[in-house]
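Notes for the one structure printed next.
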Number of protein chains: 2
Amino acid sequence: MTENLTPIAEMCAEFGVTPRTLRFYESKELLTPVRVGQRRLYTRCCRARLTLILRGRRFGFSLEEMRELLDLYNHEDQGTQLSRTVEVAEKRLAAMEAQRTELEIAITDLRQQLAWARSILDGRGTDAAE
Amino acid sequence: MTENLTPIAEMCAEFGVTPRTLRFYESKELLTPVRVGQRRLYTRCCRARLTLILRGRRFGFSLEEMRELLDLYNHEDQGTQLSRTVEVAEKRLAAMEAQRTELEIAITDLRQQLAWARSILDGRGTDAAE
DNA sequence: CGTCATCTTTACGTTAACGTCAACTTTTAT
DNA sequence: ATAAAAGTTGACGTTAACGTAAAGATGACG
């Protein structure tokens, strides 16, 4: 089977981040790549975690918030209090659902404003239907 | 009729922010409350803008990004190039729709992980895969 | 063998978005 | 009138999330 160990440059290209970012995440214990000598090699697990981290980032979650949640996805290391992690996850889920609701509103809102603005630009015709 | 001019403390309570935040937003030209003497009084318009700003903040948009977009909602001041604002808004809308898609995925994901975690906690019932 | 290219650690710099004084002025209450 | 409350303008401090530059280690290659 392919061992799937990826050097840092390749990871960066894959995820559109800089080496600094990956090392920074490691320093924050969000990623723990394998070491061969000094060099880092990222595993399949690292990829999964990084995906989650970047995803969270796009939703405005802090790295610290994501770190709490990552344990939930880390099926190997079950030393972490699973029950506590579940609590965190439940709150996170609620937050994300609330965010989705607000996002719907924001999108609807923005669409309306856009329609209005376009109707002004388009012709001076006040009403614009479809 | 009620002029609806709100002092800073009331605004803060209403929106759950500090005075510092409101003054900071003003310094960035995101808000322009009326002045009576030195004091600030926030109008209905300010409230609308602040709502949008805080909304954007929750989605990870920067204040600068929000500032660009606010012009779209500012129906009075049409000195701003409306067509350019519309372009900005279209991109913003696309970004938000993409974010919504990702949010759906993230929520589904998290729900699954939670279900899995709960099944472990609940009883030792479900079999551990490998 | 020497020379890149890539990677490493260390460490100081930067930006956004406020927090936190300090020193005044202005309102409001007593 | 006076004291407390509320608000104001600087100005410096802080935190998160990296950027960036310096100096050395390591592996590949002609």
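If you're wondering where the values come from, they're calculated on a predicted model, not measured in any experiment.
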Could you give the CD-to-P distance, from A:Glu10 to C:dA5, as a whole number of Å?
20 Å
Quick one: the side chain of B:Arg20 and the base of C:dT20, do they pair up donor-acceptor inside 3.5 Å?
yes
May I ask you to verify if any side-chain N or O of A:Arg40 is less than 4.0 angstrom from the OP1 or OP2 atom of C:dC7?
no
Rounded to the nearest 0.5 Å, what's the gap from CZ on A:Arg47 to CG on A:Leu52? Could you check?
14.0 Å
Tell me which of B:Gln38 and B:Phe61 sits closer to the 5' end of DNA chain C, going by the nucleotide each one is nearest to.
B:Phe61
Can you tell me if B:Thr18 touches the phosphate of C:dC18, counting only side-chain N or O atoms and a distance under 4.0 Å to OP1 or OP2?
no
Check this one for me: any side-chain N or O of A:Arg35 less than 4.0 Å away from OP1 or OP2 of C:dT9?
yes
Short question: side chain of A:Arg92, backbone of A:Glu65 - any donor-acceptor pair under 3.5 Å?
yes
Could you state the CG-C1' distance from B:Leu63 to C:dT15, rounded to the nearest angstrom?
12 Å
OP1 or OP2 of C:dC18 under 4.0 Å from side-chain N/O of B:Tyr25:
yes
Could you state the atom-to-atom distance from CD1 of A:Ile8 to C1' of C:dT9 in whole Å?
12 Å
Which is more 5' along DNA chain D, the nucleotide nearest A:Gly37 or the one nearest A:Lys28? Just name the residue.
A:Lys28
Please determine, for the side chain of A:Ser62, which listed nucleotide (C:dT8, D:dA17, D:dT9) has the closest atom?
D:dA17
Whole-Å distance, A:Leu22 CG to D:dG19 P, equals 10 Å
Can you measure A:Met11 atom CE to C:dC7 atom C1' for me and round it to whole angstrom units?
16 Å
When the distance from CZ of A:Phe24 to P of C:dC7 is rounded to whole Å, what number comes out?
21 Å
Tell me whether the side-chain N/O atoms of A:Arg57 come closer than 4.0 Å to OP1 or OP2 in D:dC18.
yes
Hey, mind stepping through A:Leu41 and A:Ile8 against side-chain contact (heavy atoms from CB on, under 4.5 Å) and telling me if it holds?
CA-CA 7 Å; A:Leu41 290 178; A:Ile8 196 166; over 6 Å; no
D:dG19 phosphate, OP1 or OP2, under 4.0 Å from A:Thr21 side-chain N/O:
yes
When the distance from CD of B:Glu65 to C1' of C:dT15 is rounded to whole Å, what number comes out?
14 Å
Heavy atoms only: give me the nearest A:Arg49-A:Glu29 pair and the separation to one decimal.
NH2-O, 4.3 Å
How many Å lie between CZ on A:Arg23 and P on D:dT20, as a whole number?
14 Å
Under 4.0 angstrom between B:Arg39 side-chain N/O and D:dA5 OP1 or OP2:
no
So A:Arg118 and B:Glu90, do their side chains get closer than 4.5 Å, heavy atoms only?
yes
